[in-house]
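Just so you know, ligand 1 is whichever comes first in the structure, and atom 1 is the first atom listed for that ligand.
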Amino acid sequence: MQPVQRDLLAVDREQIWHPYTSMRNPLPVYQVASARGVRLKLSDGRELIDGMSSWWTAIHGYNHPALNAAATAQIEKVSHVMFGGITHEPAITLAEQIFRLAPRSLDRIFYSDSGSVSVEVAIKMAIQFWFAQDRPRKTRLLTIRSGYHGDTFGAMSVCDPDNGMHGMFGGVLPQHIFVPAPRTRFDEPMQNADIEPVRDVLEQQSDEIAAIIVEPVVQGAGGMRIYSPQVLTQLRALCDQHDVLLIFDEIATGFGRTGKMFACEHAGVAPDIMCIGKALTGGYLSLAATLANRRVSDGISAGDNDGVFMHGPTFMGNPLACAVASASLSLLESGDWQTSVRRIEAQLKSDLSPLADHPAVEDVRVLGAIGVIECHTAIDVAKAQAYFVSEGVWIRPFGKLLYIMPPYIIDDDDLSQLTTAMAGLLDQ
Ligand SMILES: *Cc1c(COP(=O)(O)O)cnc(C)c1O
């Protein structure tokens, strides 16, 4: 190891927090020097095949010529300008593209800078909508357990209350309503028990509920659970019946990851409000958005205060992020991502399904370009990371979950190396 690099890592360890890590007892970190395609290159020269797409984002792989070109061209024009009183072509073009891909009833967009903020905005929209309809008591949210919606306070308040991440903040969070997560698997017919608790709560309390918020079909960081799309159809009907808005958080599932452009397409159901982020810029920059249908935007607009929607981040509609997002969506619009995701899904099924019989394994789940192995016990992250790096792959387990969601451009051999390493870890 070269001295320079050791110094950098020492500074990192002393001074920099990483996501969900301890400063007292930090997990080892690996220094990335560059990346291209599906490979991360470490500063010591080793190359790792990336199984995580940098947390769902790098769907086209790293260092993509079209995304690089879009970023460079936009930097030459303007990297950022305030969105108050000013607009620009990248934000407008991107909105048009998003509405070509999103469920048709959504036609209003609010840009923000991270997924968590887009969830805050969605919650605010729902509450402000009912306030403007003279129903100020409708302020609570209903959600299913095992969800993950982000780390800010509003988003935390609808994350699974028990899975440990936010337990200590319980006392200062708004109290929302949780029902058990659906148990029916993706391709099984929905059971009544999946929807009964939602119906019960709505029958009792819909006069205080602003919206239901869920991650459609795939629950991400809250447990990597995959459930029947029929649940979404039922949620839509119940929301309509009880005058409650429906929010889909497509931040992880959006842009093709589950085999459809958006996961709600598995059910053919549109929400009133939808959050997008993560893969929106192909993993280049932090950008998110909250989409709304006409009913929601008209409802908010009908309120006092001239119908002003009360939010406006400093970096709203950042031109650089919008230009790269536009290029990323153009790749999706012109490319054959569906074939790639189907190919990845087929291989994940054939490689991972046999591991369901492994003594360490509780369950194996695959949908689109997502492969999940749930173990009986929690995985030692530091040991697992060291093993994976020695096998030339980058996979980061979480709790009992060993999972991958590789870039769509990954080829069969590289994908085999990922699944072989997953199987290898189980044997360790
Ligand atoms: C990652 C994620 C978020 C939060 O997004 P950030 O950009 O990390 O703030 C919210 N909801 C879901 C479903 C996510 O996967």
For [atom], what's the nearest protein heavy-atom neighbour? Residue, atom name and distance, please.
atom                   : answer
atom 5 (O) of ligand 1 : Gly115 CA, 3.2 Å
atom 1 (C) of ligand 1 : Lys278 NZ, 1.5 Å
atom 8 (O) of ligand 1 : Ser116 OG, 4.4 Å

> Do Leu246 and Ile213 come within less than 4.5 Å of each other through their side chains, counting heavy atoms only?
Replying inline: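 SC-SC contact between Leu246 and Ile213 ruled out.
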> How does Trp55 reach ligand 1, by side chain, by backbone, by both or by neither, if only non-hydrogen atoms under 4.0 Å count?
Replying inline: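 None of Trp55 does.
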>> Are there over 12 heavy-atom neighbours, none belonging to Phe131, within less than 6.0 Å of that residue's CZ?
In response: no
> Should Gln97 and Ser326 be marked as a side-chain hydrogen bond (donor to acceptor under 3.5 Å, both in side chains) after you check the CA-CA gap, both sets of side-chain angles, and the distance that decides it?
Replying inline: CA-CA 7 Å; Gln97 275 177 302; Ser326 224; 2.5 Å; yes
What are the atoms of ligand 1, with element, lying closer than 4.0 Å to any heavy atom of [X]?
X      : value
Glu215 : 13 (C)
Ser114 : 7 (O), 9 (O)
His149 : 10 (C), 11 (N)
Gly150 : 4 (C), 10 (C)

> What is the ring orientation for His80 with Phe315, classed by angle as parallel under 30°, tilted 30 to 60°, or perpendicular over 60°?
Replying inline: tilted
>> Check the orientation of His60 and Tyr408. Use parallel for under 30°, tilted for 30 to 60°, and perpendicular for over 60°.
In response: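 Judged by the thresholds at 30° and 60°, the geometry between His60 and Tyr408 is perpendicular.
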> Do Asp249 and ligand 1 have an N or O pair less than 3.5 Å apart?
Replying inline: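 By distance alone, the answer is yes.
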> Which one of Asp243, Leu141, Val201 satisfies the side chain to side chain contact (heavy atoms under 4.5 Å, CB included) criterion with Ile209?
Replying inline: Val201
Counting only pairs under 3.5 Å, give me each side-chain donor-acceptor contact of residues 276-284, with atom names and distances, residues two or more places apart or in other chains.
unit_1	atom_1	unit_2	atom_2	d
Thr281	OG1	Tyr284	N	3.2
Thr281	OG1	Leu285	N	3.1
Thr281	OG1	Leu285	O	2.7
Tyr284	OH	His64	N	2.9
Tyr284	OH	His64	O	3.4
Tyr284	OH	Asn68	OD1	2.5

